[in-house]
Amino acid sequence: QVQLVESGGGSVQAGGSLRLSCEASGFTYTNYYMGWFRQAPGKEREGVATISPFGISTYYADSVKGRSVKGRFTISRDNAKNTLYLKMNSLEPEDTAMYYCAAGGMRLASPWYEANYWGQGTQVTVSS
């Protein structure tokens, strides 16, 4: 069955960096757009970044909590390892959330509810 397993979350101070990973199995990885989404307590899940099957195209949410992730976050994928990544630099307290990997049913800029498969999430906490 489809499995998405995130890792790499943690607690950092503002200005710090983290790299999230998502290992995928149970499906043909190169058939699917992949994406990162996040959800803070009491907030709706929101898109962060998506990537096309061979990594040619990427999309970053224009405005997430008032400050764009563009230029701070980088989504990438290693199709040989069936792994999706999110490198996050210059983290801010507003980036604190559970981060989820998702696959299938999406294109670039798709909303979260169009994704078919989800991981269990990895927590990112940024302190000021």
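When a residue number appears, it is its place in the shown sequence, counting from 1. These numbers come from a predicted model, not from an experiment.
Two rings, from Phe37 and Trp118, have their centers less than 6.0 Å apart.
Applying the side-chain hydrogen bond (donor to acceptor under 3.5 Å, both in side chains) rule to Ser76 yields no partners; only residues at least two apart in sequence or on another chain are considered. The side-chain hydrogen bond (donor to acceptor under 3.5 Å, both in side chains) search around Glu114 returns Ser110, not counting sequence neighbours. For Tyr100, the side-chain hydrogen bond (donor to acceptor under 3.5 Å, both in side chains) criterion is met by no residue, not counting sequence neighbours. Here Lys70 pairs with Asp62 under the side-chain hydrogen bond (donor to acceptor under 3.5 Å, both in side chains) rule; sequence neighbours left out. Val124 pairs by the side-chain contact (heavy atoms from CB on, under 4.5 Å) definition with Leu18, Leu20, Met88, Tyr99, Val126, not counting sequence neighbours. With sequence neighbours left out, the ring pair (Phe, Tyr, Trp, His ring centres under 6.0 Å) criterion links Trp112 to no other residue. Taking Thr58 as the reference, Ile51, Tyr60, Ile75 meet the side-chain contact (heavy atoms from CB on, under 4.5 Å) condition, with sequence neighbours excluded.
For the pair Leu4/Gln120, no side-chain contact is recorded, criterion being any heavy-atom separation below 4.5 Å from C-beta on. In this structure, the side chains of Val69 and Trp36 stay at 4.5 Å or more apart for every pair of heavy atoms.
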ask   = Do Leu91 and Phe73 pass the side-chain contact (heavy atoms from CB on, under 4.5 Å) test, and can you show the C-alpha distance, the side-chain angles, and the key distance before you say yes or no?
value = CA-CA 9 Å; Leu91 283 162; Phe73 292 7; 3.9 Å; yes
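Linking ILVMFWY residues whenever their side-chain heavy atoms come closer than 4.5 Å, directly or via other members, places Tyr32 and Val2 in the same cluster. Under a hydrophobic clustering in which Ile, Leu, Val, Met, Phe, Trp and Tyr are joined whenever their side-chain heavy atoms come within less than 4.5 Å, directly or via other members, Val48 and Val12 fall into the same cluster. Following chains of ILVMFWY side-chain contacts shorter than 4.5 Å, one can reach Tyr113 starting from Met98, so the two form part of one hydrophobic cluster.
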Tell me which donor-acceptor pairs under 3.5 Å the side chains of residues 23-31 have, and how far apart each pair is, sequence neighbours excluded?
from  : atom 1 : to    : atom 2 : distance (Å)
Tyr29 : OH     : Thr83 : O      : 3.1
Tyr29 : OH     : Leu84 : N      : 3.3

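Although no hydrogens or angles enter the test, the distance criterion places no donor-acceptor pair under 3.5 Å between the side chain of Arg45 and the main chain of Ala40. Of the possible donor and acceptor atoms, one in the side chain of Thr122 sits under 3.5 Å from a partner among the backbone N and O of Gly9.
For residues 9-20, the side-chain hydrogen bond (donor to acceptor under 3.5 Å, both in side chains) pairs, not counting sequence neighbours, are Ser17-Asn89. Screening residues 96-128 for disulfide bond (SG atoms under 2.5 Å apart) gives Cys22-Cys101 as the qualifying pairs, with residues at least two apart or on separate chains.
In terms of heavy atoms, Asp95 sits closest to Ser90 at OD2-O, 4.4 Å. Arg38 approaches Ala97 most closely through the heavy-atom pair CB-CB, 3.9 Å. The two residues Arg77 and Met34 have their closest heavy-atom pair at NH1-CG, 3.5 Å. When all heavy atoms are compared, the tightest approach of Pro93 to Ala14 is CD-CB, 4.1 Å. Considering all non-hydrogen atoms of both residues, Glu6 and Gly121 come closest at OE1-N, 2.9 Å.
Atom NZ of Lys81 is surrounded by 12 or fewer heavy atoms from other residues, nucleotides or ligands within 6.0 Å.
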